[in-house]
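Each remark here refers to the structure printed beneath this line.
In what follows, chains carry the letters A, B, and so on, assigned in the order in which the sequence lines appear, proteins first and then strands, with residues in each chain numbered from 1.
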Amino acid sequence: MKSVQSVRGMHDLLPDQSMLWRGIEHTVREVLDCYGYREIRIPVLEKTDLFVRAIGNATDVVEKEMYTFEDRNGDSLSLRPEGTAGVVRAAIEHGLLHVPGLKVWYHGPMFRHERPQKGRLRQFHQFGVEVFGIEAPAVDVELIALGERLWKALGIGGRIRLEINSLGSPESRRTYREKLVEYLAGHEDQLDDDSRRRLKSNPLRIFDSKVSRTRQIMADAPRLTDSLDEDSARRFDEVRRLLDALGIAYRINPGLVRGLDYYCETVFEWITDDLGAQGTVCAGGRYDGLVEIQGGRATPGIGFAMGVERLVELVSLEDAQFPTRPAVYIVCAVDPEHGLALAEEIRNRCPGLEVACDLSGGSFKSQFKRADRSGAGKALVLGEDELADNMVVIKDLRGETAQQRLSLDEAAGVLAR
RNA sequence: GUGGGCGUAGCUCAGGGGUAGAGCACUGGAUUGUGGCUCCAGCGGUCGUGGGUUCAAAUCCCAUCGUCCACCCCA
């Protein structure tokens, strides 16, 4: 019988990695809590139209990367390729936007049908943060400060740098796009194939091209930053002033264009050089028009998302330790009822202590072997003699201390330290 | 969607037409109440899958799936 395998690009998180993931998730939640953001949990499945409207019909994500299928009643549903659209939907649906200043975060799996590679899976995980109803540039900066604190808390601050840009208002973005296309039309025959294709789909993206001739052409292209209207320019100045005031280092990247249609004004990316081709660990920006597009009252919004797999890879490059070892291993050479009861008693007396009990039985020798391999620091030994005398032997598996025969009270006292 | 590398034991890999291998891990023993070091023995694979060529295929050919890396795109 052939065994069934997991779906391509959808990976299992195995026990030897799960503590690392939990440690990272815990740290992220702690930082989010201390900024006063609240968790929101939304379905992984939404009506397809939600994503089409939010992300943009012409984007790759919508055009060819969504897991879309028909529900039994004929509705077109899609596994979420990102979190913001669903959060916006939920906020509108439950009237959360009537009070300005909603601050939420979400966490969970996202799905995109892409070819897997380093840092890119078909089911991947994101933490995301969204703020609604606050127009002021101070929000942009708070979110960036939150990111910076996060990298520090995770011990990867030295590996990540910040890039920012302003896309301007949706109108000025459109004007600029026309200007750029006009400029590039004059050089179309010199562009590489990819860039020529992008001329139609997403011309701003051509700034990212790695082809040298294309880069030369782009060097003389009109700059988005130069065509910002007055409000957007002032707003971007203010973001930079506040970043400077907080001492947050950044680089302005005029070529920084987010992929999804809903972004405008401030956009930013946290980037690393340590993960190969997928260097963006976290990215986001303002989406002031998105709530309206989804049928809500015009409400400014801003948010970012970070890829948990990419975070995990970065943290793994450090020496960060997330222990998985039991503290105590119980070796029981008598009827298992006594071993199980001893383990329960220790758990009662030493809350939080990780207690493993040998369940396979066998000789002292084999049980001690398992005790050693479990990584436990100490073994509690229960044999016929101990049982008869109502004592246990406690043995230090990692040090030189000689083993001791103790009463249960005394042993619990030692373990509780 | 495109291109390239790789699929042999739980893991890391050798073997490239003629009986399926090593190290590590695992189980047991040397040591009938004590792990780690050592030694001995054992368990474990229709060589990713399907087809083809051949007297004979893990090995050559085709297809397919998976994986890794890059492009594209993105977190």
Side-chain angles (χ1 to χ4, degrees), chain A residues 1-11 14 16 55 58-65 80-84 107-129 147 192-195 197-198 201-202 205 208-211 257-260 263 268-272 275-285 303-314 329 331-334 358 360 362-387 393-399 402-403 405:
Chain A
M1 187 77 161
K2 215 162 94 181
S3 63
V4 178
Q5 296 177 312
S6 73
V7 175
R8 177 173 208 192
M10 305 206 179
H11 289 192
L14 302 181
D16 63 339
I55 300 168
T59 56
D60 278 15
V61 170
V62 164
E63 220 169 44
K64 45 193 194 196
E65 293 175 2
R80 59 184 187 193
E82 57 102 50
T84 301
H107 169 235
M110 306 293 163
F111 303 84
R112 290 181 199 173
H113 190 104
E114 301 181 90
R115 191 90 168 246
Q117 73 181 79
K118 190 176 176 66
R120 193 173 77 181
L121 295 172
R122 291 186 172 179
Q123 176 176 333
F124 60 103
H125 298 79
Q126 288 186 333
F127 268 99
V129 182
D192 60 282
D193 291 348
D194 272 334
S195 297
R197 183 177 53 72
R198 283 188 281 212
S201 58
N202 193 353
R205 201 84 225 190
D208 291 347
S209 175
K210 283 150 195 163
V211 179
V257 177
R258 310 273 39 268
L260 314 182
Y263 286 110
F268 55 93
E269 278 189 23
W270 295 95
I271 299 171
T272 181
L275 292 184
Q278 311 299 324
T280 303
V281 174
C282 172
F304 66 77
M306 60 192 124
V308 181
E309 281 80 1
R310 293 178 188 179
L311 279 182
V312 169
E313 283 207 56
L314 275 186
Y329 193 98
V331 169
C332 172
V334 291
D358 191 283
S360 306
S363 64
F364 275 97
K365 181 187 170 65
S366 56
Q367 292 196 42
F368 268 102
K369 235 178 196 165
R370 286 193 285 269
D372 182 49
R373 277 199 307 261
S374 77
K378 291 189 165 53
L380 277 189
V381 187
L382 191 55
E384 279 174 29
D385 298 350
E386 289 77 16
L387 191 60
V393 163
I394 185 166
K395 173 168 176 164
D396 184 2
L397 294 172
R398 306 296 153 196
Q403 66 182 41
R405 250 169 91 93

Does a distance-only test, which skips hydrogens and angles, find a donor-acceptor pair under 3.5 Å between the side chain of A/K365 and the base of B/rU34?
-> no
Assigned chi class of B/rG16 under the 90° convention is syn
Identity of whatever pairs with B/rG21 - Watson-Crick or G-U, under 3.5 angstrom | B/rC13
Face-to-face stacking of A/F368 with B/rG35, centres under 5.5 angstrom, angle under 30° | no
So which nucleotide from B/rC72, B/rU31, B/rG33 ends up closest to the side chain of A/D60?
-> B/rC72
Base paired to B/rG66 (Watson-Crick or G-U; both N/O distances under 3.5 angstrom) | B/rC6
Side-chain atoms of A/R398 come closest, of B/rA75, B/rA70, B/rG35, to B/rG35
Please write out each protein N/O paired with an N/O of nucleotides 6-13 of chain B under 3.5 Å, distance rounded to 0.1 Å.
none

Measure the NE2-CZ distance between A/H125 and A/R310 for me, rounded to the nearest 0.5 Å.
-> 14.0 Å
Winner on side-chain proximity to A/Q403, out of B/rC72, B/rG28, B/rU34, is B/rU34
To the nearest Å, how far apart are A/Q278 CD and B/rC72 P?
-> 10 Å
Closest to side chain of A/K369, choosing from B/rG35, B/rG33, B/rA70 = B/rG35
Strand partner of B/rC26, provided both Watson-Crick or wobble distances fall under 3.5 Å = B/rG42
Please name all residues satisfying salt bridge (Lys or Arg N to Asp or Glu O under 4.0 Å) with A/E82, sequence neighbours left out, ordered by chain then number.
-> none
